[in-house]
Undergrad: 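The structure that follows is given in the form of structure tokens.
In what follows, chains carry the letters A, B, and so on, assigned in the order in which the sequence lines appear, proteins first and then strands, with residues in each chain numbered from 1.
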Amino acid sequence: MKFWSQYFIPTLKESPADAEIASHKLLVRAGLVRKLGGGLYTYMPLGLRVMQKITQICREEIERGGGIELEMPHVHPVENWQNGPRWAAAREIMFRADSAGDGKRPPREPEFVLGPTHEEVITPLVKTEITSYRDLPKNFFQIATKFRNEIRPRYGLMRAREFVMMDAYSFDVDDERAIKSYLAMKAAYEAFFRRIGVQSIAVEADTGVMGGSFSHEFMVPAEVGDDDVIYCEESGYAANREKATSALVPPDLADAAPAGAVEEFATPGVVTIAALEAAPYGVAADKQFKTLVYIGDGKPFLVVLRGCDELEEAKLGALGFGLFRPATPEEIEPVMGAKPGSLGVVKGTIKNQSALAGIFADHAIRLVGNGTTGANKDGFHLRNVNVARDLAVAKFGDFRRVRAGEPDVKSGRPLQVRRGIEVGHIFKLGTKYSEKYGAVFTDDQKQSHLMVMGCYGIGISRTMQAVIEQSHDNDGIVWPWPVAPFQVLVCVLDPQLPEAMDLAKKLAAAAERAGADVLVDDRVERPGVKFKDADLIGLPLRLTIGGKGLKEGIVELKWRKQKDVAKVPLAEAEARVAAAVAEARASAGV
RNA sequence: CGGGGUGUAGCUUAGCCUGGUAGAGCGCCUGGUUUGGGACCAGGAGGUCGCAGGUUCAAAUCCUGUCGCCCCGACCA
């Protein structure tokens, strides 16, 4: 039992100027966090209580899923990272943690870094500690602060430089067992999000810089999310934008019959899809071939799409380049023979085809019959271009960005799109890290094998904000019972009346015995102030005790998510409070 | 890092264009009146106008630089 007047809940009437979205404003207004700097926040007493509740539920579910808790250092010797598989990509977001030192060490290379995640620490640890199949499988996790120098921190805790994350790492003897560990974590995640009262969906995701073979993101649907989820309710398909595919191209598609030989025509000044669509040319965008030039590991390569399609850059990751980027006009002309806007891949028109690392095309270009594309000659295009006959494509793949309305692969129904906040991610890693750090074990035939890994993350602090984003109204936060900082607010309108405070303490004690955390608002404030604050901080159950009610012989009982107020006779108050708490606990599954 | 915006009291901000006494609301302190949905009256404290240069008789205001913060893009739990 805590008393508001002695506790610390600095609420704000107005939203801070730097907060944009509802959950960020409410985090600050309800006194849950305060900003130190960009992406750096103090968890105030109330906010910390929420974090602790989420943390505890997360711990319980991950343990149930096979996790063993430990805690690793936040400061890492840089060598751990330099020896790992992704130092080049990761160092950009890593904070240096150099010792103040004597100034002798050259400033270029850090001596220590702050951990953004812990594959580089756990894998060497497991390598030395686990050498036998008898000790596998193992799944180690921690719930700890992570450090990432985000290029652009924003939306409060949503993307912070310092944040709390649950990270788990599984080690298995083979692929099949690794998939079991992966599925156990997926189930643990689902249980976790269900328990904290957050609606989340698991979507297929790109593995990105983590590498690995497959992965799911856990998304909380929200307008302010930073990711698009493509889904089909009928088939249950859900994927993020980077990964999503559709059945746009029928598998039995037959190529259109060529209408005639490839023919060059003059298009002075035409360098965009739109300009070629316009009069006098009138070539629809889906009848054009778009040719993009990228540089992969130093060598140019081409990607061909329909004129109406957009490249999904993440899908280029499947091509196996370590690093890739769009080519500059200066890099394009010597290879292609023309400037961007007149490019194409018709056989024999590329100036220096041997310089290319490959010509890739999206499947959807097969829908284009007798299309138009650049002639690799400034101011000229080619028509009657057909894929099989005319294009120098080396390999087809899925490179285009899926749009809403395209048919789902399984059900054929139109795909839908909605925004979501990514709160968790699971990866089946494979042997990328075990190979690099030599994490091997000996099996019962005395044979050595690489451990097969998985890694798993839940953004704890981000989840706290996602809960608010998903559960609030115009007056403030509406906490789900399991993560509320306190579950019951005893609002004493006349704390100077001894009988009011006596009753408040009695009812608070009853609620506590029934299993609730209780906050007593004993501040000497006007009722309006207390009610506004109560709605703002959003505790699930409110008991109101006032001089007026006492004269009538009642106290009031109100759920935050409901409008109506129940008047309870004093004689029944204790029992009713206990019953309400018990009911809430039961329906929250606590 | 590229593009845009912004910095004035603890918070929200006006003033800046057109240079001349730094203003309001909330919050805070004192006293009084109030008391069931962010009260009222009276009095009070609180500001190097982000920082550094420059122009000027005079700079919150104009110029240059710099730093912080916010938004859009690439990246992520």
Undergrad: Rounding to a whole Å, what distance do you find between R161(A):CZ and C70(B):C1'?
TA: 13 Å
Undergrad: Could you state the atom-to-atom distance from CE of M219(A) to C1' of A77(B) in whole Å?
TA: 11 Å
Undergrad: Taking NE2 from H24(A) and C1' from C70(B), how many angstroms apart are they, rounded to a whole number?
TA: 10 Å
Undergrad: Over how many whole Å does the gap from E14(A) atom CD to U13(B) atom C1' extend?
TA: 8 Å
Undergrad: For G37(B), give the paired nucleotide (Watson-Crick: N1-N3 plus N6-O4 or O6-N4; G-U: N1-O2 and O6-N3; both under 3.5 Å), or none.
TA: none
Undergrad: Write down the distance separating the P atoms in C17(B) and A59(B), rounded off to the nearest Å.
TA: 14 Å
Undergrad: Figure out the CD1/C1' separation between I458(A) and C76(B), and round it to whole Å.
TA: 16 Å
Undergrad: Whole angstroms only, please: what is the CZ-P distance between R154(A) and G68(B)?
TA: 19 Å
Undergrad: Rounded to the Å, how far apart are M165(A) CE and A77(B) P?
TA: 7 Å
Undergrad: If we call it a pair only when both distances are under 3.5 Å in a Watson-Crick or G-U wobble match, what pairs with G68(B)?
TA: U6(B)
Undergrad: Please compare P16(A) and G39(A) by the position of their nearest nucleotide in RNA chain B and report the one closer to 5'.
TA: P16(A)
Undergrad: Taking the same atom, C1', in G50(B) and in A9(B), what whole-Å distance lies between them?
TA: 14 Å
Undergrad: Using the C1' atom on both, measure U21(B) against G7(B) and round to a whole Å.
TA: 24 Å
Undergrad: Determine the Euclidean distance between corresponding P atoms of U35(B) and C40(B); express it in Å to zero decimal places.
TA: 14 Å
Undergrad: Between T463(A) and G459(A), what is the shortest heavy-atom contact and its length?
TA: OG1-O, 2.6 Å
Undergrad: Taking A60(B) as the reference, what is the distance to C1(B) when you measure between their P atoms (whole Å, please)?
TA: 32 Å
Undergrad: When you check every protein heavy atom under 4.0 Å of nucleotides 32-38 of chain B, what one-letter string (B, S, -) results, 5' to 3'?
TA: --BSBBB
Undergrad: Write down the distance separating the P atoms in C49(B) and G44(B), rounded off to the nearest Å.
TA: 24 Å
Undergrad: Could you walk me through whether F218(A) and Y189(A) pass ring-ring contact (aromatic ring centres under 6.0 Å, His included), step by step?
TA: CA-CA 8 Å; F218(A) 282 76; Y189(A) 272 43; 4.9 Å; yes
Undergrad: Considering every strand and a 4.0 Å limit on heavy-atom distances, what is the contact class for A534(A): base, sugar-phosphate, or nothing?
TA: nothing
Undergrad: With both distances kept under 3.5 Å, what pairs with C16(B), Watson-Crick or G-U wobble?
TA: none
Undergrad: Name the pairing partner of C1(B), where a pair is Watson-Crick or G-U wobble with both distances under 3.5 Å, or state none.
TA: G73(B)
Undergrad: Looking at the base of C75(B), is there any donor atom on it, or on the side chain of R152(A), that sits under 3.5 Å from an acceptor on the other one?
TA: no
Undergrad: Do the non-hydrogen side-chain atoms of H76(A) and V121(A) ever get within less than 4.5 Å of each other?
TA: yes
Undergrad: Do M464(A) and L27(A) have side chains that approach each other closer than 4.5 Å (heavy atoms only, starting at C-beta)?
TA: yes
Undergrad: Do you know the tightest heavy-atom contact between L26(A) and L536(A)?
TA: CD2-CD1, 3.8 Å
Undergrad: Rounded to whole angstrom, note down the C1' distance from A24(B) over to G46(B).
TA: 15 Å
Undergrad: Over all strands shown, is S15(A) touching base, sugar-phosphate only, or nothing at heavy-atom distances under 4.0 angstrom?
TA: sugar-phosphate
Undergrad: To check you understand the geometry: which heavy-atom pair defines the closest contact between Q465(A) and G156(A), and what is its length?
TA: OE1-C, 3.8 Å
Undergrad: Just the rounded figure in Å: distance from P of A77(B) to CZ of F192(A).
TA: 16 Å
Undergrad: Tell me whether D564(A) at atom CG has more than 12 heavy atoms from other residues, nucleotides or ligands lying less than 6.0 Å away.
TA: yes
Undergrad: Whom does G25(B) pair with, Watson-Crick or G-U wobble, provided both distances fall under 3.5 Å?
TA: C11(B)
Undergrad: For atom P, what is the distance between A77(B) and G2(B), given to the nearest Å?
TA: 26 Å
Undergrad: Going by the side-chain contact (heavy atoms from CB on, under 4.5 Å) test, name the single residue among K436(A), R91(A), E120(A) that passes it with R86(A).
TA: E120(A)
Undergrad: Could you walk me through whether V229(A) and V417(A) pass the side chain to side chain contact (heavy atoms under 4.5 Å, CB included) test, one step at a time?
TA: CA-CA 6 Å; V229(A) 180; V417(A) 181; over 6 Å; no
Undergrad: Please classify the nucleic acid contact of M166(A) as base, sugar-phosphate, or nothing, using heavy-atom distances under 4.0 Å.
TA: nothing
Undergrad: Ignoring backbone atoms, test whether Y155(A) places a side-chain nitrogen or oxygen under 4.0 Å from the OP1 or OP2 oxygen of C72(B).
TA: yes
